[in-house]
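Because the structure is predicted, anything quoted here is derived from the model rather than measured. Residue indices begin at 1 and follow the sequence shown.
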Amino acid sequence: MTRTLRVGGACGFWGEAPGATAQLLGADVDVIVYDYLAEITMSIMARARARDPAMGYAPDFLTAALGPNLAAIADRGVKIISNAGGLNPLACAERLRAMIAEKGLTLRVAVITGDDLSDRLERYAAARVTEMFSGAPFPPLSAIASANAYLGAFPIAAALDAGADIVLTGRCVDSALTLGPCIHAFGWSADDLDRLAGGSLAGHILECGPQATGGNHTDWELVAESIETIGYPIAEIEADGAFTLTKPAGTGGVVSIGSVGEQMLYEIGDPQVYTLPDVICDFSAVTLTQAGPDRVRLAGATGRGAPDGYKVSLTHQDGWRGVQLFGYYGADAPRKARRFAEAALSRAEAALRGAGLAGFSETSIEILGTEAQFGAEARRGDTREVTLKLAVRHPEKAGAQTMFSEAVGLALAAPPGLCGFGGGLGRPSPVVRLFSFIAPKADIRAALHFDERSLPVEAAPRRAAAPPAAIRRPAPPPPVQPGAATGEAALVRLAWLRSGDKGDKANVGVMARDPAYLPYVWAALTPALLRARLGHVVAGEIDMFLLPGAHAINLLLHDALGGGGIASLRNDPQGKGFSQLLLDCPIPIPEDLIPARGRRS
């Protein structure tokens with residue numbers, strides 16, 4: 001049994017710069033993992049496969065990430081795990097094996113399949129399956145682009161047990177890329193729930209690459225001078241599931257409680273019910289300790305059983321959208337931009353009626369750089385330069401196209417100060433909507449393809465889990481005594497923050513820089529304050545979850561992203577900037593606890 005497993009995270013999305021592979025190969029790692037997939041990525045790959053049956057995977061994983069490094073991978077015995085196979089992992093593996101043979105190497109490639117459920121759509125439609133969050137009906141079969149279950153880590157472990165050097169998967173949960181090697185190295189079973197939760201947390205930290213080593217960090221100025229050379233994360237995982245997060249020596253960025261804690265909170269929803277195929281994780285008691293320069297140790301994750309089904313993400317086309325940017329500058333720029341946008345939409349609606357077409361399904365006017373964009377608490381109403389983003393959704397491509405022609409056609413009739421036509425007219429693009437549901441585990445037939453054999457593998461264990469309603473929630477921080485808060489500090493001086501999406505929900509993680517700050521932050525983030533700051537983008541409820549181990553709070557914002565992803569007409573459809581709207585929130589706090597000016601912790 002391995003005592004410590006060193007896993008490097010080299011990729012967090014399709015488009016990540018490829019240099020991490022060489023960097024991590026020089027850092028004495030055992031495994032390198034690459035996460036390429038998101039819902040929109042799957043729909044893009046579906047269109048690519050429709051054009052060419054040999055495509056449907058991430059080709060740059062082969063050409064840029066692995067190609068130049070195959071000899072070093074073979075020489076150092078580093079295992080490679082990736083979901084770059086997308087919708088066509090067998091074709092991806094075939095091309096990779098050819099590349100390996102061309103270089104005279106003997107690396108063995110295994111493939112995991114079984115996530116693609118496109119051959120079962122008629123059955124789900126007949127069963128009238130509904131969307132798990134919104135209750136929307138099953139989409140028309142002709143509109144569906146992809147349908148994939150999120151597989152877990154045990155098939156990956158089985159491939160490594162069989163002797164694979166490189167494991168390619170289709171859709172799986174991002175953290176499974178790391179948990180699979182842990183199961184293989186430490187011999188964990190389906191009963192080792194706390195260990196599985198710890199390995200999953202390590203995978204969650206690694207899955208977004210440099211977001212754990214200073215990327216998107218609240219204290220971004222700490223790494224501003226080293227962004228170009230930022231180090232990619234390495235998790236040193238122990239047999240009990242605890243781990244230390246670090247990065248290659250001599251690289252840029254930072255590994256701190258703040259940088260790692262932000263990533264732990266990122267997009268986790270309810271931290272006590274973080275549901276994965278192999279284990280339902282509880283991160284509420286996880287502790288983070290600075291164990292040395294650029295070394296943070298995490299421990300305390302626990303498991304609550306495993307679900308009896310797989311989450312399935314189905315993408316389908318739901319009409320067309322058009323988005324056009326215009327500039328306005330000079331006196332009264334925001335008001336002029338809004339009046340121009342309103343007139344353009346009115347003219348476009350009239351043109352649609354004249355052509356016998358339905359009206360727009362949805363419209364969006366955003367004056368970027370103003371109070372309308374940043375909420376009622378923002379103080380930007382006097383800005384003299386703005387960008388107008390005008391967006392529409394329509395069932396037909398021709399309907400979306402109407403907005404472009406009518407808006408540009410109003411240029412000479414518009415209020416003065418209009419600019420920004422250098423890019424020309426935009427074009428309509430498909431609206432791809434996410435539809436999620438739970439499929440029974442018995443529906444999934446995972447298979448391992450290795451050494452010219454195809455073998456069934458256990459996709460994921462099933463263990464009874466307590467329902468969320470039965471979970472014991474942590475006691476809230478001690479109430480703030482009247483008169484105790486004698487001063488005031490901006491939230492950014494007291495906490496690190498990060499935000500992101502889950503479908504149409506947004507997450508905002510808030511982690512106190514000092515445990516003493518937490519009661520005051522908890523007390524100040526009232527529903528009224530959150531509505532004042534975020535109410536212009538959040539249509540649903542706002543839930544607050546406490547993580548006492550990390551002295552942190554996770555805010556879950558329902559119906560916050562206008563549909564989310566590529567279905568949204570918003571400027572920030574993934575809520576990545578929502579945390580920035582809270583940074584200057586005033587937090588009442590005792591004067592003697594306020595950090596000195598010029599430092600944040």
Side-chain angles (χ1 to χ4, degrees), residues 37-47 49-50 56 83 86-87 112-152 155 169-174 176 267 269-270 273-278 280 305-319 361 393 395 430-447 458-465 467-469 501-505 540 556 558-559 561-568:
L37 301 183
E39 286 77 18
I40 181 56
T41 313
M42 300 299 282
S43 64
I44 294 170
M45 289 179 170
R47 291 198 294 271
R49 187 177 63 174
N83 58 16
L87 288 176
I112 306 298
T113 62
D115 61 295
D116 191 346
L117 304 183
S118 56
D119 61 346
R120 273 156 274 183
L121 297 178
E122 291 185 3
R123 177 155 61 89
Y124 293 125
R128 298 186 178 180
V129 169
T130 56
E131 213 279 334
M132 61 187 292
F133 300 113
S134 68
F138 202 79
L141 294 176
S142 60
I144 296 174
S146 65
N148 297 81
Y150 287 79
L151 298 187
T169 77
R171 198 53 166 128
C172 66
V173 292
D174 304 341
E267 299 181 344
D270 185 340
V273 193
Y274 188 65
T275 303
L276 301 169
D278 305 309
I280 299 171
D308 57 7
Y310 284 100
K311 182 181 177 183
V312 178
S313 285
L314 179 154
T315 62
H316 64 101
Q317 185 171 340
D318 185 24
S361 309
R393 187 163 64 88
V431 172
V432 178
R433 194 170 295 278
L434 176 64
F435 182 99
S436 300
F437 65 97
I438 301 297
K441 284 185 173 174
D443 282 5
I444 309 303
R445 298 182 294 273
E458 181 184 13
R462 175 185 175 184
R463 288 180 57 90
D501 66 315
K502 280 293 180 187
D504 199 20
K505 297 178 174 65
L556 184 61
H558 297 262
D559 303 320
L561 299 172
I566 203 168
S568 176

- Qualifying ring pair (Phe, Tyr, Trp, His ring centres under 6.0 Å) pairs, either residue in residues 129-152, two or more places apart: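 Residue pairs passing ring pair (Phe, Tyr, Trp, His ring centres under 6.0 Å), neighbours aside: Phe138-Phe435.
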- Message: Going by the rule side-chain contact (heavy atoms from CB on, under 4.5 Å), which residues pair with Thr113 if we only count those two or more places apart in sequence or in a different chain?
- Response: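 Pro89, Leu90, Val111, Ala447, His449.
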- Listed by chain and number, what are the side-chain contact (heavy atoms from CB on, under 4.5 Å) partners of Ser361, not counting sequence neighbours?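 So Ser361 forms a side-chain contact (heavy atoms from CB on, under 4.5 Å) with Arg393, Pro395.
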- Message: I'd like to check the salt bridge (charged side-chain N to carboxylate O under 4.0 Å, His left out) partners of Asp174; sequence neighbours left out, ordered by chain and number.
- Response: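 In terms of salt bridge (charged side-chain N to carboxylate O under 4.0 Å, His left out), with neighbours along the sequence ignored, Asp174 is linked to Arg171.
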- Message: Tell me every residue that passes salt bridge (charged side-chain N to carboxylate O under 4.0 Å, His left out) with Asp501, counting only those two or more places apart in sequence or in another chain.
- Response: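 Applying salt bridge (charged side-chain N to carboxylate O under 4.0 Å, His left out) to Asp501 gives Lys576.
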- Message: Set out, in order, the CA-CA distance, both residues' side-chain angles and the distance that settles side chain to side chain contact (heavy atoms under 4.5 Å, CB included) for Leu117 and Tyr124, then state yes or no.
- Response: CA-CA 10 Å; Leu117 304 183; Tyr124 293 125; 4.1 Å; yes
Taking every non-hydrogen atom, the tightest pair across [X] and [Y]:
X	Y	answer
Leu556	Gly269	CD1-CA, 4.1 Å
Ser436	Ser313	OG-OG, 4.0 Å
Leu561	Ser568	O-OG, 2.8 Å
Ala147	Leu121	CB-CD2, 3.6 Å
Pro277	Tyr310	CB-CE2, 3.9 Å
Ile280	Pro307	CG1-CD, 3.9 Å

- Just grab all the salt bridge (charged side-chain N to carboxylate O under 4.0 Å, His left out) pairs involving residues 118-139, residues at least two apart or on different chains.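 Every pair satisfying salt bridge (charged side-chain N to carboxylate O under 4.0 Å, His left out) with a residue in residues 118-139: Arg123-Asp443.
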- Item | salt bridge (charged side-chain N to carboxylate O under 4.0 Å, His left out) contacts touching residues 430-440 (sequence neighbours left out) |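 Residue pairs passing salt bridge (charged side-chain N to carboxylate O under 4.0 Å, His left out), neighbours aside: Asp318-Arg433.
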[X] side chain to [Y] main-chain N or O, any donor-acceptor pair under 3.5 Å?
X	Y	value
Thr169	Ile112	no
Thr275	Val273	yes
Lys311	Val173	no

Tell me, please, which residues at least two apart from [X] pass side chain to side chain donor-acceptor pair (under 3.5 Å).
X	result
Asp115	Asn148
Gln317	none
Ser146	Thr315
Ser118	Asp116

To the nearest 0.5 Å, what is the distance between [atom1] on [X] and [atom2] on [Y]?
X	Y	atom1	atom2	result
Ile444	Leu151	CD1	CG	7.0 Å
Asn83	Thr41	CG	OG1	9.0 Å
Cys172	Asp278	SG	CG	10.0 Å

- Verdict with reasoning, Arg47 to Val432, per side chain to side chain contact (heavy atoms under 4.5 Å, CB included): CA-CA 12 Å; Arg47 291 198 294 271; Val432 178; 4.1 Å; yes
